[in-house]
There are 2 protein chains.
Amino acid sequence: MKKKILIHDIAKHLEVSIATVSLVLNGKAKEKRISDVLAERVLKYVEEVGYKPNQLAKSLRTGKTHVIGLVIEDIANPFFATVAALIEKKALARGYRMLFCSTNNDSDKTRDLLTMFQERHVDGYILALPNGVEAEVRALVRSGKPLVLFDRLLPGVQANAVVVDGATGMYEATQHLVQQGFKRIALLMPQLDQSQMTGRAQGYAQALREAGLPQLVHKIAFPQEPGPLLQDTLAFFEAHPACDAVLFATNYLGVCGLEALRRLGRRIPEEIAVVSFDDNDLFRLYSPPITVVAQPLEALAEDAIGTLLASLENPAETGRIVQLQLAPQLVVRASSIRPRP
Amino acid sequence: MKKKILIHDIAKHLEVSIATVSLVLNGKAKEKRISDVLAERVLKYVEEVGYKPNQLAKSLRTGKTHVIGLVIEDIANPFFATVAALIEKKALARGYRMLFCSTNNDSDKTRDLLTMFQERHVDGYILALPNGVEAEVRALVRSGKPLVLFDRLLPGVQANAVVVDGATGMYEATQHLVQQGFKRIALLMPQLDQSQMTGRAQGYAQALREAGLPQLVHKIAFPQEPGPLLQDTLAFFEAHPACDAVLFATNYLGVCGLEALRRLGRRIPEEIAVVSFDDNDLFRLYSPPITVVAQPLEALAEDAIGTLLASLENPAETGRIVQLQLAPQLVVRASSIRPRP
DNA sequence: ATGAAAGCGCTAACAG
DNA sequence: CTGTTAGCGCTTTCAT
């Protein structure tokens with residue numbers, strides 16, 4: 001366990017002052033008119049002995065940590081996992097590290113998480129939050145910390161945000177089912193009062209209203225273990241045998257729904273058409289392939305990190321709020337095509 | 001943006017010394033014989049004004065950050081995402097935060113990541129690394145930092161580790177195919193020189209050797225974009241029409257393999273039997289359901305974090321190396337059952 | 001039981 | 001161009 005080398009050691013060895021070393025290391029050599037030859041000598045020695053400044057001390061002093069806090073619903077959800085991977089890659093490329101945590105839609109846990117991130121002095125936040133933490137986020141915005149909401153907004157909170165236009169996505173998906181001639185189109189969604197979910201429900205409702213068809217919405221209590229979730233879904237389909245098409249508002253409901261339909265032996269799309277929000281390998285490779293409303297993951301990640309870094313690197317612009325709404329894409333596959341009799 | 005309250009402010013307000021406040025806050029009141037009534041008063045006021053000690057300053061002073069660094073191959077891979085979610089939950093419950101990064105099997109990137117984690121003074125590491133960073137890890141072990149390798153070992157590195165016995169898992173899966181009467185059993189695996197992969201390959205080879213059947217191993221260059229990966233897999237199956245069963249050594253190869261077989265119109269299991277390593281929704285719900293070697297995710301997470309926390313909380317035991325090997329489970333589904341003609 | 005004070009390692013203002 | 005020095009906010013020893 002070799003002794004840690006300090007800035008002091010390197011200054012002493014080179015017989016220069018600590019300030020000189022620090023300035024050179026922080027790229028202020030030019031500005032402070034330190035001779036190139038000296039600067040070079042410092043850099044070379046630092047490299048040689050592998051000196052690494054203590055980031056904690058540096059952060060304590062400068063107030064910057066170069067860490068971004070990412071708060072998501074659940075890292076095991078493929079949607080969040082993929083976006084997180086993309087954000088991580090992009091952040092890393094720009095010199096930032098990520099500290100991640102999952103909320104599991106628990107607002108108490110989320111409050112703790114936000115507090116932790118503040119305590120750790122993250123430089124900025126990318127947040128997909130459950131409702132119930134509006135006060136905390138408003139305080140965060142007021143504090144001037146750069147922050148961007150993603151996937152979902154928070155009621156009454158004015159902040160940077162990057163979300164997907166689920167209303168339009170769901171509207172188009174529902175319209176597609178209507179055009180295919182389905183009449184009893186159900187929506188299965190989680191019982192969550194979050195902006196992205198209400199948006200999706202609105203798109204569904206509007207399309208059916210325009211078509212003059214009845215709505216059939218089933219909200220599934222949340223959070224739930226996989227077992228009860230499946231039971232609930234099975235019960236829904238058994239209670240509504242006339243339902244000839246179903247939209248799942250999230251990827252996990254879609255997965256669960258496919259399992260339920262298989263157990264019930266309902267043939268897709270002959271007996272029931274299926275569309276799910278979010279794309280993934282299962283939907284693409286299922287038999288039949290499942291029609292989905294695909295979210296633009298790459299753009300979501302790029303815009304979230306881009307917006308955050310912009311306000312991080314331009315503190316002057318704090319106050320300017322950027323809100324982006326990205327368009328999802330309806331990917332029609334066999335599961336929603338009405339079989340010609 | 002209200003001014004941050006400091007320990008100094010609270011000491012002044014209560015007309016006690018800074019030391020008293022600090023001691024009370026760190027639970028050393030008893031030890032230092034601070035009166036209960038005073039301690040109570042301090043705690044009450046701290047609570048009242050919502051004072052939060054600056055963790056950076058605290059860490060600089062104590063050398064502890066209460067952050068664990070988790071390095072995995074790819075957070076977008078469901079295996080790692082699930083394990084990460086479980087580890088995060090367990091770590092949080094014990095008061096630790098997680099800093100995650102993905103290596104994408106790039107050893108240069110991994111080296112940078114390890115350096116970053118050191119610079120950020122994480123208290124301990126949980127690592128699933130590519131080969132090529134043995135020297136760095138050995139140095140880390142030597143430095144006395146608690147660390148546990150998971151999923152895969154590193155050649156020549158003696159360290160705590162929690163891995164899955166892929167050799168036995170693959171041996172049993174292969175034996176199962178042999179018992180079902182398949183004769184030309186292929187193994188598709190990534191071209192990666194990592195312990196978990198060589199283990200899986202060994203299990204396959206041994207089972208076939210014992211059965212007196214020929215081996216057919218195809219290594220897929222890695223890393224690769226999804227497109228070329230699929231092309232490569234398609235080419236393999238076209239080149240080996242006689243192959244009547246295939247084992248995929250990873251979940252993503254399994255997914256890609258199913259897509260390839262579908263494109264080629266090969267019926268499973270009539271024309272070719274399929275088994276994949278790792279379980280997931282796709283394999284469970286595919287038609288036909290896919291036989292898998294399921295890894296014990298929960299146990300992997302629990303043992304990894306448990307081992308790490310044990311050595312974190314028991315610095316005395318540094319030097320005692322814990323190596324656990326967990327048993328995977330063969331889950332037989334329709335994809336590997338030989339149809340009776 | 002308590003207060004003063006010495007750092008943890010670094011940055012940056014200031015005075016040469 | 002360089003050296004000195006005052007903190008960043010907290011913990012902990014030591015003397016009281």
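Computed from a prediction, not measured in an experiment: that's the story for all the values here. Letters A, B, ... are given to chains in the order of the sequence lines, protein chains preceding strands, and every chain is numbered from 1.
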Could you state the NZ-C1' distance from A:K12 to D:dT4, rounded to the nearest angstrom? 16 Å
Sequence neighbours excluded and cut-off under 3.5 Å, please list the side-chain donor-acceptor pairs for residues 39-49 of chain A, or say none.
| from | atom 1 | to | atom 2 | distance (Å) |
| --- | --- | --- | --- | --- |
| A:Y45 | OH | A:H13 | ND1 | 3.3 |

In whole angstroms, the gap separating P of C:dC10 from CD of B:E119 amounts to 11 Å
Across all chains, not counting sequence neighbours, the side-chain contact (heavy atoms from CB on, under 4.5 Å) partners of B:L153 are B:A161, B:V163, B:S195
Taking side chain as C-beta onward, heavy atoms only, is B:Q196 less than 4.5 Å from B:F150? no
Pairs meeting criterion ring pair (Phe, Tyr, Trp, His ring centres under 6.0 Å) with involvement of residues 58-94 of chain A, two or more places apart: A:H66-A:Y96
Return a single string for nucleotides 7-13 of chain D, one symbol per nucleotide in 5' to 3' order, where B is base contact, S is sugar-phosphate-only contact and - is none, cutoff 4.0 angstrom on heavy atoms. BBBBBBS
Is A:S17 near enough to D:dT2 that one of its side-chain N or O atoms lies under 4.0 angstrom from OP1 or OP2? no
Sorted by chain and number, sequence neighbours left out, salt bridge (charged side-chain N to carboxylate O under 4.0 Å, His left out) with B:R138 holds for none
Ignoring hydrogens and geometry beyond distance, is a side-chain donor-acceptor pair present between A:T65 and A:D123 at under 3.5 Å? yes
Taking atom NZ as the centre, does B:K89 end up with more than 12 heavy-atom neighbours from other residues, nucleotides or ligands that are less than 6.0 angstrom away? no
Rounded to the nearest angstrom, tell me the gap between atom CD in B:E15 and atom C1' in C:dA1. 16 Å
Flag the pair B:R94 and B:E302 as a salt bridge only when some basic side-chain nitrogen lies within less than 4.0 angstrom of an acidic carboxylate oxygen. yes
Which angle, to the nearest 10 degrees, lies between the helix axes at the two ends of the helix from C:dA1-D:dT16 to C:dG16-D:dC1, each defined by five pairs? 50°
